[in-house]
Colleague: 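Pasting in a structure now, in C-alpha coordinates, and then I'll have a few things to ask.
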Amino acid sequence: QVQLIESGGGLVQPGGSLKLSCSASGGTFSRYGMGWFRQAPGKDREFVAAIPRSGSITYYADSVKGRFTISRDNAKSTVYLEMKSLKPEDTAVYYCAVTKSVVISYRPGAYDYWGQGTQVTVSS
(Lines give C-alpha, C1' and ligand atoms only; values in the text may rest on other atoms or scores of the structure.)
Protein backbone atom coordinates (compact mmCIF):
# COMPACT_ATOMS: atom_id res chain seq x y z
CA GLN A 1 0.00 0.00 0.00
CA VAL A 2 1.37 3.36 -1.06
CA GLN A 3 0.41 6.54 0.75
CA LEU A 4 0.66 9.90 -1.01
CA ILE A 5 0.49 13.31 0.61
CA GLU A 6 0.25 16.45 -1.50
CA SER A 7 1.19 19.91 -0.28
CA GLY A 8 1.85 23.38 -1.63
CA GLY A 9 -1.60 24.39 -2.81
CA GLY A 10 -3.16 27.74 -2.04
CA LEU A 11 -4.55 30.99 -3.39
CA VAL A 12 -2.53 32.80 -6.05
CA GLN A 13 -3.21 35.69 -8.38
CA PRO A 14 -3.37 35.18 -12.16
CA GLY A 15 0.13 35.10 -13.57
CA GLY A 16 1.54 33.81 -10.31
CA SER A 17 3.36 30.59 -9.46
CA LEU A 18 3.02 27.66 -7.10
CA LYS A 19 5.02 24.50 -6.55
CA LEU A 20 3.19 21.37 -5.45
CA SER A 21 4.89 18.47 -3.74
CA CYS A 22 3.76 14.89 -3.32
CA SER A 23 5.53 12.71 -0.81
CA ALA A 24 5.19 8.92 -1.09
CA SER A 25 5.61 6.22 1.52
CA GLY A 26 4.90 2.53 1.84
CA GLY A 27 6.42 1.42 -1.44
CA THR A 28 9.50 1.58 -3.64
CA PHE A 29 9.12 5.02 -5.15
CA SER A 30 11.75 4.54 -7.83
CA ARG A 31 9.70 1.69 -9.34
CA TYR A 32 6.61 3.82 -9.98
CA GLY A 33 5.48 6.19 -12.64
CA MET A 34 3.93 9.32 -11.17
CA GLY A 35 1.17 11.56 -12.41
CA TRP A 36 -0.60 14.77 -11.52
CA PHE A 37 -4.29 15.19 -12.20
CA ARG A 38 -6.79 17.91 -11.35
CA GLN A 39 -10.51 18.17 -10.86
CA ALA A 40 -12.54 21.35 -10.96
CA PRO A 41 -16.09 21.54 -9.50
CA GLY A 42 -18.58 19.81 -11.77
CA LYS A 43 -15.89 18.46 -14.08
CA ASP A 44 -14.18 15.13 -14.58
CA ARG A 45 -10.71 14.49 -13.24
CA GLU A 46 -8.21 15.37 -15.95
CA PHE A 47 -4.61 14.56 -16.69
CA VAL A 48 -2.07 17.30 -16.06
CA ALA A 49 1.41 15.78 -16.20
CA ALA A 50 3.29 12.53 -15.72
CA ILE A 51 6.82 11.24 -15.35
CA PRO A 52 8.00 7.62 -15.63
CA ARG A 53 10.15 5.84 -13.06
CA SER A 54 13.36 6.87 -14.84
CA GLY A 55 12.40 10.53 -15.05
CA SER A 56 13.94 10.57 -18.52
CA ILE A 57 10.87 12.01 -20.21
CA THR A 58 7.85 14.02 -19.16
CA TYR A 59 4.29 14.28 -20.44
CA TYR A 60 1.91 17.23 -20.27
CA ALA A 61 -1.64 18.13 -21.13
CA ASP A 62 -1.77 20.69 -23.92
CA SER A 63 -3.45 23.15 -21.57
CA VAL A 64 -0.39 23.31 -19.27
CA LYS A 65 2.47 22.66 -21.67
CA GLY A 66 5.12 25.35 -21.37
CA ARG A 67 3.77 26.57 -18.01
CA PHE A 68 3.98 23.50 -15.75
CA THR A 69 6.99 21.31 -15.01
CA ILE A 70 6.88 17.88 -13.40
CA SER A 71 9.97 16.46 -11.74
CA ARG A 72 10.89 13.78 -9.24
CA ASP A 73 13.48 13.15 -6.58
CA ASN A 74 13.72 9.40 -6.01
CA ALA A 75 16.02 9.87 -3.02
CA LYS A 76 13.26 11.86 -1.30
CA SER A 77 10.37 9.77 -2.68
CA THR A 78 8.81 13.00 -3.87
CA VAL A 79 7.30 14.27 -7.10
CA TYR A 80 6.85 17.96 -7.82
CA LEU A 81 4.65 20.08 -10.04
CA GLU A 82 5.95 23.57 -10.63
CA MET A 83 3.23 25.81 -12.01
CA LYS A 84 3.90 29.21 -13.58
CA SER A 85 1.76 31.79 -15.40
CA LEU A 86 -1.27 30.45 -13.61
CA LYS A 87 -4.70 31.17 -15.02
CA PRO A 88 -8.15 31.16 -13.37
CA GLU A 89 -8.97 28.03 -15.37
CA ASP A 90 -6.17 26.22 -13.51
CA THR A 91 -8.30 26.39 -10.37
CA ALA A 92 -8.95 22.83 -9.17
CA VAL A 93 -8.06 20.22 -6.62
CA TYR A 94 -4.73 18.73 -7.69
CA TYR A 95 -4.01 15.06 -7.06
CA CYS A 96 -0.85 13.05 -7.41
CA ALA A 97 -1.07 9.39 -8.32
CA VAL A 98 1.07 6.30 -8.69
CA THR A 99 1.07 3.88 -11.57
CA LYS A 100 2.85 0.55 -11.27
CA SER A 101 2.82 0.19 -15.04
CA VAL A 102 5.94 0.94 -17.08
CA VAL A 103 3.67 2.62 -19.60
CA ILE A 104 2.56 6.14 -18.75
CA SER A 105 -1.15 6.71 -19.28
CA TYR A 106 -3.32 9.80 -19.40
CA ARG A 107 -6.27 7.86 -17.97
CA PRO A 108 -7.04 8.16 -14.25
CA GLY A 109 -8.10 4.51 -14.24
CA ALA A 110 -4.55 3.44 -15.04
CA TYR A 111 -3.25 4.75 -11.71
CA ASP A 112 -3.17 2.57 -8.64
CA TYR A 113 -2.87 4.93 -5.69
CA TRP A 114 -4.00 8.50 -5.11
CA GLY A 115 -3.35 11.28 -2.68
CA GLN A 116 -6.07 13.26 -0.93
CA GLY A 117 -5.57 16.32 -3.13
CA THR A 118 -4.56 19.92 -2.56
CA GLN A 119 -6.64 22.94 -3.57
CA VAL A 120 -5.21 25.45 -6.02
CA THR A 121 -7.22 28.64 -6.52
CA VAL A 122 -6.19 31.24 -9.08
CA SER A 123 -8.08 34.46 -8.51
CA SER A 124 -7.53 38.17 -8.13
Side-chain angles (χ1 to χ4, degrees):
Q1 188 78 8
V2 177
Q3 292 82 43
L4 302 171
I5 300 178
E6 301 99 335
S7 61
L11 173 64
V12 63
Q13 292 187 341
S17 301
L18 280 176
K19 187 173 183 177
L20 306 183
S21 299
C22 173
S23 178
S25 62
T28 305
F29 183 78
S30 60
R31 294 182 180 177
Y32 304 136
M34 301 297 299
W36 284 98
F37 290 77
R38 65 187 182 187
Q39 188 166 20
K43 295 188 177 181
D44 292 335
R45 191 167 298 189
E46 65 173 2
F47 172 81
V48 174
I51 186 167
R53 58 184 70 178
S54 67
S56 58
I57 191 169
T58 53
Y59 303 85
Y60 298 97
D62 288 343
S63 59
V64 307
K65 202 170 293 183
R67 299 188 298 122
F68 290 12
T69 302
I70 187 172
S71 61
R72 65 188 296 159
D73 184 337
N74 287 346
K76 295 183 178 179
S77 297
T78 301
V79 63
Y80 304 97
L81 185 68
E82 186 168 13
M83 306 183 293
K84 298 181 179 179
S85 301
L86 282 161
K87 305 175 182 179
E89 50 264 44
D90 295 318
T91 295
V93 177
Y94 283 71
Y95 299 88
C96 71
V98 163
T99 178
K100 293 188 280 188
S101 173
V102 296
V103 178
I104 291 294
S105 173
Y106 293 10
R107 296 184 301 108
Y111 288 75
D112 302 286
Y113 301 101
W114 293 82
Q116 82 290 348
T118 185
Q119 176 70 47
V120 171
T121 302
V122 184
S123 176
S124 55

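None of the values given here were measured: they were computed from a predicted structure.
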Colleague: Taking only residues two or more places apart in sequence or in another chain, which ones pass ring pair (Phe, Tyr, Trp, His ring centres under 6.0 Å) with F47?
Modeller: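 Partners of F47 by the ring pair (Phe, Tyr, Trp, His ring centres under 6.0 Å) criterion, ordered by chain and then number, come out as F37, Y106.
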Colleague: So if you build clusters from Ile, Leu, Val, Met, Phe, Trp, Tyr with side-chain heavy-atom gaps below 4.5 Å, do M83 and V93 land together?
Modeller: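 As far as the 4.5 Å side-chain criterion goes, V93 and M83 are not connected within one cluster.
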Colleague: Which atom pairs, one a donor and one an acceptor, fall under 3.5 Å between side chains of residues 48-61 and the rest of the protein, sequence neighbours left out?
Modeller:
| unit_1 | atom_1 | unit_2 | atom_2 | d |
| --- | --- | --- | --- | --- |
| R53 | NE | R31 | O | 3.2 |
| R53 | NH2 | R31 | O | 3.1 |
| S54 | OG | S56 | N | 3.2 |
| S54 | OG | S56 | OG | 2.8 |
| Y60 | OH | I70 | N | 2.9 |

Colleague: Picking from L18, L20, I5, what satisfies side-chain contact (heavy atoms from CB on, under 4.5 Å) with T118?
Modeller: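 With T118 as partner, L18, L20, I5 yield a single side-chain contact (heavy atoms from CB on, under 4.5 Å), made by L20.
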Colleague: What is the minimum heavy-atom distance between P14 and S123, and which atoms define it?
Modeller: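 Shortest heavy-atom contact: CD-C, 3.6 Å.
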Colleague: Between atom OG of S25 and atom CD of Q3, what is the distance when rounded to the nearest 0.5 Å?
Modeller: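 Reported to 0.5 Å precision, the distance equals 4.5 Å.
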Colleague: Would you say the side-chain atoms of T121 and Q119 include a donor-acceptor pair closer than 3.5 Å?
Modeller: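 Yes, Q119 and T121 have a side-chain donor paired with an acceptor closer than 3.5 Å.
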Colleague: Does R72 count as lying over the ring of F29, i.e. NZ or CZ under 6.0 Å from the six-ring centre, within 45 degrees of the axis?
Modeller: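 Yes.
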Colleague: Would you say the side chain of Q39 lies within less than 4.5 Å of the side chain of D44, judging by non-hydrogen atoms?
Modeller: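 A side-chain contact under 4.5 Å is absent here.
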Colleague: Should V120 and V64 be regarded as members of a common hydrophobic cluster, given that ILVMFWY residues are connected when their side-chain heavy atoms come within less than 4.5 Å of each other, either directly or indirectly?
Modeller: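 Result: yes, single cluster for both.
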Colleague: Kindly check if the number of other-residue, nucleotide or ligand heavy atoms within 6.0 Å of CG (L11) is above 12?
Modeller: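 More than 12 heavy atoms, drawn from other residues, nucleotides or ligands, come within 6.0 Å of this atom.
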Colleague: Among the clusters formed by ILVMFWY side chains lying less than 4.5 Å apart, do Y111 and M34 turn up in the same one?
Modeller: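 Different clusters.
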Colleague: Counting only heavy atoms not in K84 (residues, nucleotides, ligands), do more than 12 fall under 6.0 Å from its NZ?
Modeller: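 At most 12 heavy atoms, drawn from other residues, nucleotides or ligands, come within 6.0 Å of this atom.
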Colleague: Please round to the nearest 0.5 Å and tell me the distance separating atom OG of S63 and atom NZ of K65.
Modeller: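 The OG atom of S63 sits 9.5 Å away from the NZ atom of K65.
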Colleague: For S23, does its backbone N or O pair with a side-chain atom of T78 as donor and acceptor, under 3.5 Å?
Modeller: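 No, T78 side chain to S23 backbone: no donor-acceptor pair under 3.5 Å.
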Colleague: Which pairs of donor and acceptor atoms, one on a side chain in residues 94-102, lie under 3.5 Å apart (sequence neighbours left out)?
Modeller:
| unit_1 | atom_1 | unit_2 | atom_2 | d |
| --- | --- | --- | --- | --- |
| Y94 | OH | R38 | NH1 | 2.9 |
| Y94 | OH | D90 | O | 2.6 |
| T99 | OG1 | S101 | N | 3.2 |
| T99 | OG1 | A110 | O | 3.2 |
| S101 | OG | V103 | N | 3.0 |
| S101 | OG | V103 | O | 3.3 |

Colleague: For residues V2 and A24, report the shortest heavy-atom separation together with the two atoms involved.
Modeller: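 Heavy-atom minimum between the residues: CG1-CB, 4.5 Å.
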Colleague: With hydrophobic residues grouped by side-chain heavy-atom distances under 4.5 Å, do W114 and V79 end up in a single group?
Modeller: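 No: no chain of side-chain contacts under 4.5 Å links W114 to V79.
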